[in-house]
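These notes are about the structure you will find just below.
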Amino acid sequence: MDGREELAVRFEAERGRLGAVARRMLGSTAEAEDAVQEAWLRLERVDAAELENLPGWLTTVVSRICLDVLRGRRTEPVVVEEAVDGPEAEAELVEEVGRAMLVVLDRLGPAERVAFVLHDGFAVPFEQIGPIVGRNTAAAKKLASRARQRVRGTGESTGAGAATGSARREVVEAFLAAARGGDLDALLAVLAPDVVRRADPAALPAGRPVLLRGAGAVARETRVIGRRARFAVPVLVDGELCAAIAPDGRLRLLLRFEVADGRVAGFEVVADPARLAALELSLPGREVS
């Protein structure tokens, strides 16, 4: 086996781990594969014999490539993009990382996301993370800590008179389950008789009213357009349990619920890109390890 073949074998031994790092950083299997392949091309251009720690070098290179991709996203206009991955790749990514985690990670700044994923996800020391994100060790620790706080949030609110905690979650999840299944009876059971649905125009097909009243009307509409509910996951917004619609791990719609007496009394569908960008999302408590 010559030197290049040996290097290829060593690289392949690291490919799975590097792919996992890149998928969590980018939220896309296709982009992660591109990042790992780019790392291999860069490895071919260096003298591998001089690399004392090949796994560490590859982690650094892949992380920097991902950081550049994330920074590029931030400079692009806010648009509703098509998913990069196919359905099967997306399903595998969601199973690996979790859709809610992907949604919340997507809200982090590029350096925050890289520092958090490397340290909390893969136990990379901050001494190695600092140079990757262009910060000293102390600053890298602060980035990861700030990201961790944003991911975990402050917990669900417990305001007086509101359905909170597990009771609120049960109502929200019952609504989402009924919407996913297109179950009209189940929708009617979880909706209050005088429920009100409000929505940004961008969330609705042409001609649909931005305000709809009554369990029957809301249930029928939800049954017709509720196919997007299969991409819904519970998230917290300002400590309040909501549902994020994220077909590719990136927030497309947000449902904010009013819950009373064990039913959905109303909900708002937020679709305006500017409104979505201003939201602070975090994971519900049971989703945080």
Side-chain angles (χ1 to χ4, degrees), residues 1 3-74 84-85 89-90 92-98 101-152 249-250 288-289:
M1 183 183 296
R4 190 176 188 282
E5 290 176 336
E6 181 182 357
L7 185 62
V9 169
R10 295 174 66 192
F11 178 82
E12 288 302 320
E14 297 294 328
R15 182 184 289 274
R17 180 183 62 83
L18 296 173
V21 170
R23 285 190 294 274
R24 284 164 174 76
M25 287 186 182
L26 298 176
S28 164
T29 297
E31 289 181 319
E33 290 174 351
D34 289 344
V36 173
Q37 186 60 27
E38 175 62 24
W40 164 247
L41 296 175
R42 295 187 187 186
L43 179 60
E44 286 189 304
R45 297 196 292 266
V46 303
D47 184 355
E50 296 181 358
L51 299 177
E52 296 181 0
N53 180 1
L54 180 61
W57 185 89
L58 288 170
T59 299
T60 296
V61 170
V62 168
S63 298
R64 285 175 173 165
I65 293 169
C66 291
L67 184 59
D68 288 342
V69 172
L70 292 170
R71 285 171 172 164
R73 289 179 186 171
R74 290 284 168 146
V84 175
D85 300 328
E90 182 192 347
E92 291 174 0
L93 182 62
V94 168
E95 183 176 357
E96 177 186 353
V97 183
M101 176 62 84
L102 288 171
V103 173
V104 176
L105 285 176
D106 193 52
R107 315 296 287 183
L108 301 177
E112 286 180 336
R113 183 166 183 169
V114 169
F116 175 76
V117 168
L118 287 176
H119 184 265
D120 287 44
F122 296 92
V124 176
F126 287 115
E127 291 78 9
Q128 184 177 343
I129 295 172
I132 292 172
V133 296
R135 312 289 175 88
N136 61 32
T137 300
K141 287 181 180 179
K142 289 181 180 178
L143 281 174
S145 177
R146 187 162 63 239
R148 193 177 306 115
Q149 179 60 37
R150 291 186 64 186
V151 169
R152 294 179 178 177
R250 298 179 190 174
V288 180
S289 59

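Heads up: numbering here begins at 1 and tracks the sequence.
- Other residues, nucleotides and ligands contribute over 12 non-hydrogen atoms within 6.0 Å of the CD atom of Glu12.
- For Pro55 against Glu14, the heavy-atom pair with the smallest separation is CG-OE2, 3.4 Å.
- Judged purely by atom type and a 3.5 angstrom limit, Arg152 has no side-chain atom pairing as donor or acceptor with the backbone of Ala147.
- Side-chain contact between Thr59 and Leu118 is present, with at least one heavy-atom pair separated by less than 4.5 Å.
- Closest approach of Met25 to Val114, counting heavy atoms only: CE-CG1, 3.8 Å.
- The two residues Arg113 and Arg24 make their nearest non-hydrogen contact at NH2-O, 3.0 Å.
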Audit row: Val104, Arg150, side chain to side chain contact (heavy atoms under 4.5 Å, CB included) steps and yes/no: CA-CA 8 Å; Val104 176; Arg150 291 186 64 186; 5.9 Å; no
With side chain to side chain contact (heavy atoms under 4.5 Å, CB included) as the test, would you mind laying out the steps for Val151 and Arg107 before giving the verdict? CA-CA 9 Å; Val151 169; Arg107 315 296 287 183; over 6 Å; no
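- Here the side chain of Glu112 pairs no donor or acceptor atom with the backbone of Ala144 at under 3.5 angstrom.
- Between Glu38 and Arg42, at least one side-chain N (NZ, or NE/NH1/NH2) sits under 4.0 Å from a carboxylate O, which counts as a salt bridge.
- Across Gln128 and Gly56, no two heavy atoms sit closer than the pair NE2-O, 3.2 Å.
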Does the pair Glu31 and Arg73 meet the rule for a salt bridge (charged side-chain N to carboxylate O under 4.0 Å, His left out), with working shown? CA-CA 12 Å; Glu31 289 181 319; Arg73 289 179 186 171; 2.4 Å; yes
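- Between Trp40 and Phe11, the angle of the ring planes lies from 30° to 60°, which puts this pair in the tilted group.
- Between Glu33 and Arg15, no side-chain nitrogen of the basic residue sits less than 4.0 Å from a carboxylate oxygen of the acidic one, so the salt-bridge criterion is not met.
- Remark: side-chain polar atoms of Glu96 are not paired, donor with acceptor, to backbone N or O of Leu93 under 3.5 angstrom.
- Contact check for Glu5 versus Val9: no side-chain heavy atoms found under the 4.5 Å cut-off.
- In this structure, the side chains of Arg250 and Val103 stay at 4.5 Å or more apart for every pair of heavy atoms.
- Closest heavy-atom contact between Val117 and Val21: CG1-O, 4.1 Å.
- Between Ala115 and Leu143, the shortest heavy-atom distance links the atoms CB-CB, 4.0 Å.
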